[in-house]
Amino acid sequence: MQEYEVIILGGGPAGLTAGLYTSRYGLKTLLIERGLYGGQIVNARTVENYPGFPGGRFRHGSGTAYV
């Protein structure tokens, strides 16, 4: 059986961010999601404060990030 230092339940924005940070610190991490990674954000048309984009906006479906 595998052992993990951190187990994250949920692959929404917070879970994915937690996974990024724990991996950066070299912790053995398991992220569990029952549906699609991204959580409810995959159903949103426009997202503000989108992680990874300096301007923080992303319009779903258009492939446009506002930076």
Side-chain angles (χ1 to χ4, degrees):
M1 175 155 59
Q2 296 257 339
E3 289 190 19
Y4 297 93
E5 296 173 284
V6 178
I7 298 174
I8 301 167
L9 301 177
L16 294 175
T17 301
L20 286 171
Y21 279 94
T22 58
S23 295
R24 283 182 188 169
Y25 286 106
L27 300 174
K28 190 166 181 183
T29 304
L30 173 67
L31 193 146
I32 300 171
E33 168 60 47
R34 68 177 173 177
L36 295 173
Y37 287 105
Q40 291 296 315
I41 202 167
V42 298
N43 297 321
R45 184 165 271 200
T46 301
V47 178
E48 296 182 10
N49 298 321
Y50 190 78
F53 289 90
R57 292 191 66 192
F58 178 80
R59 185 173 303 281
H60 182 56
S62 69
T64 304
Y66 300 94
V67 293

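Being a predicted model, the structure only gives us computed values, none of them experimental.
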Between Lys28 and Glu3, which heavy-atom pair has the shortest distance, and what is it?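 Closest heavy-atom pair between Lys28 and Glu3: CD-O, 3.3 Å.
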
Listing, residues 20-27 side-chain donor-acceptor contacts under 3.5 Å, not counting sequence neighbours, or none:
| residue | atom | partner | partner atom | Å |
| --- | --- | --- | --- | --- |
| Thr22 | OG1 | Ala18 | O | 3.1 |
| Thr22 | OG1 | Gly19 | O | 3.2 |
| Thr22 | OG1 | Thr29 | OG1 | 2.8 |
| Ser23 | OG | Gly19 | O | 2.9 |

According to a 4.5 Å side-chain heavy-atom criterion applied to Ile, Leu, Val, Met, Phe, Trp and Tyr, with indirect links allowed, do Ile32 and Tyr4 form part of one hydrophobic cluster?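 Yes, because Ile32 and Tyr4 connect within a single hydrophobic cluster, where side-chain heavy atoms sit under 4.5 Å apart.
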
Using side chain to side chain contact (heavy atoms under 4.5 Å, CB included) as the criterion, list what pairs up with Leu31, not counting sequence neighbours. Ile8, Leu16, Glu33, Tyr37

